[in-house]
Protein chains: 2
Amino acid sequence: MRLVIAQCSVDYVGRLDAHLPMADRLILIKADGSVSIHADDRAYKPLNWMTPPCTFEESAIEDIDGEDTGEKLWLVENPKGEQLRITIAAIHQDIDMELGEDPGLVKDGVEAHLQELLAEHIETLGEKYSLVRREYPTAIGPVDIMAKNAENEFVAVEVKRRGGIDGVEQLTRYLELLNRDDLLAPVHGVFAAQEIKPQARTLAEDRGIRCVVLDYQELRGIESNELRLF
Amino acid sequence: MRLVIAQCSVDYVGRLDAHLPMADRLILIKADGSVSIHADDRAYKPLNWMTPPCTFEESAIEDIDGEDTGEKLWLVENPKGEQLRITIAAIHQDIDMELGEDPGLVKDGVEAHLQELLAEHIETLGEKYSLVRREYPTAIGPVDIMAKNAENEFVAVEVKRRGGIDGVEQLTRYLELLNRDDLLAPVHGVFAAQEIKPQARTLAEDRGIRCVVLDYQELRGIESNELRLF
DNA sequence: ACATGAATTTCGGCG
DNA sequence: CGCCGAAGTTCATGT
């Protein structure tokens, strides 16, 4: 990892064209070969970058008379021919440090995990609910969770972290298909998400689909409480 | 902008839970208050981060006996209560630098620009093609470009940077609607993108929609050539 | 390798 | 302020 704070201008030519006028910025050169250029804002997003694989080449910039201007051109290029051209006017800091390979991130709470938790605690949807199976297969793709309600009727559940119109449309297609099967009908629908957008809720309820807001911490809490009982 | 290279472990509790075991990493603290944690890989993407607005607080970590362990806890928290807890075991580098406000990025070549260029050079679609208007309004949303072909028939054009199934479906809906209007029918369809996925192409051609791959550099080149003529 | 779909998506535009 | 859709999306997964 090399960190360079420098006065620089940048041009990107590739999937689009972009230009950054001369200013002080951080240039981050990682061991994977990637280069990214950060300003002191825009949170974690760089102004410009090049992802590996790519090559890095430094050259001196000469003026019309062939005199060295003291400026450097850093040319970063990938095999597709996309280029990042960094003109370095002055370097304020330049540090290099070996970090070694990172153990990596352990995530917990994405959609797959929500589905898992809800399947384990299907009674969150109502008393006497029981799980039929996760990823219940249909001709147009798997339903996230298939369950049965207290009346022993089928309930198809679509799980999302953020529930939008798309998810409702998806569930609607499943319900339409499933309800054509006399062995299953009537199949009810539940749209379950950590966050449900108003439009999605309206559309869902309009179609007789019940909306359930999932509380991830609470679902996890149920597990913790169960554990505490032992 | 503060750059800290440190041996640290990180826990994020918020929209999901995530954990990073102890290792050497770069911690980037920007003037906007954002904090991001980078490893020496994963290109420009940080392992973990917190976007502003958020608060930063440092405290000493004590062991069970109340003895200072020498470790520090950096607690980054946003108003929603999401937390980034960084345990600092050792600091290898710590530099601080004022960068000032960035002039910002000039972009050129995104979808809006593709649409603009194609509208200006509608003959790219065929000889004698003429532009009716961009963002041609319909009840279900605007058609990117409405044109007429050499036979003076309407042609609805959907412009995408990357053409997938969705774009074809969208154009199909427009065409269905537009062709119900006797004043417009027959309306032909053109699916224009910098890159068209095979499945999208198959679907489009199956529906009688013509696929056109746009070359951004070439469209720009036309402009350059025109300029050169003057 | 390619297509599909989630992401702490982010980001910007428009209403 | 919230919805909607693009993004140099990126990233992981399944086929």
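In what follows, chains carry the letters A, B, and so on, assigned in the order in which the sequence lines appear, proteins first and then strands, with residues in each chain numbered from 1.
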Ion pair present between A:D17 and B:K107, side-chain N to carboxylate O less than 4.0 angstrom?
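B:K107 and A:D17: not salt-bridged.
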
Using a strict cut-off of less than 4.0 Å between a Lys/Arg side-chain nitrogen and an Asp/Glu carboxylate oxygen, indicate whether B:D94 and B:R2 qualify as a salt bridge.
yes

Mark yes or no for whether A:Y216, through its side chain, and B:G14, through its backbone, hold a donor-acceptor pair below 3.5 Å.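 No, the answer is negative, given that no donor and acceptor are paired below the 3.5 Å cut-off.
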
Backbone N/O of A:C8 and side chain of A:R25: donor-acceptor pair under 3.5 Å: yes

[X] has an atom [atom1]; how far is it from atom [atom2] of [N], in whole Å?
X      : N      : atom1 : atom2 : answer
B:W49  : D:dC11 : CH2   : P     : 11 Å
A:L16  : D:dA7  : CG    : P     : 9 Å
B:I196 : C:dC2  : CD1   : P     : 16 Å
B:K30  : C:dT10 : NZ    : P     : 14 Å
B:Q217 : D:dG8  : CD    : P     : 15 Å
A:R42  : D:dA7  : CZ    : C1'   : 16 Å
A:Y44  : D:dA7  : OH    : C1'   : 12 Å
B:Y216 : D:dA6  : OH    : P     : 18 Å

Per nearest nucleotide of DNA chain D, the residue lying toward the 5' end, B:R162 or A:E195, is A:E195

Contacts of B:A43 and A:L47 projected onto DNA chain D by closest heavy atom; the upstream (5') one is A:L47

Proximal nucleotide (of [options]) relative to the [X] side chain:
X      : options               : answer
A:V110 : D:dG8, C:dT10, C:dT8  : C:dT8
A:K197 : C:dT10, C:dT8, D:dC3  : D:dC3
B:E111 : C:dT10, D:dA7, D:dT10 : D:dA7
A:K107 : C:dA7, D:dG8, C:dT8   : C:dT8
B:P198 : C:dA3, C:dT8, D:dA7   : C:dA3
B:K45  : D:dC11, D:dG8, D:dA6  : D:dC11

Below 30° counts as parallel, above 60° as perpendicular, anything between as tilted: where do the rings of A:H38 and B:H38 land?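 If you compare the ring of A:H38 with that of B:H38, the planes turn out perpendicular.
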
Contact class for B:Y12 vs. all strands (heavy atom < 4.0 Å): base, sugar-phosphate, or nothing?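 Here B:Y12 touches the bases of the nucleic acid.
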
(Q) Using atom P in both nucleotides, what's the gap between C:dG5 and D:dG8 to the nearest angstrom? (A) 23 Å

Pairwise C1' distance, D:dG14 and C:dT8 [rounded to whole Å]: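 Looking at atom C1' only, C:dT8 and D:dG14 are 24 Å apart.
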
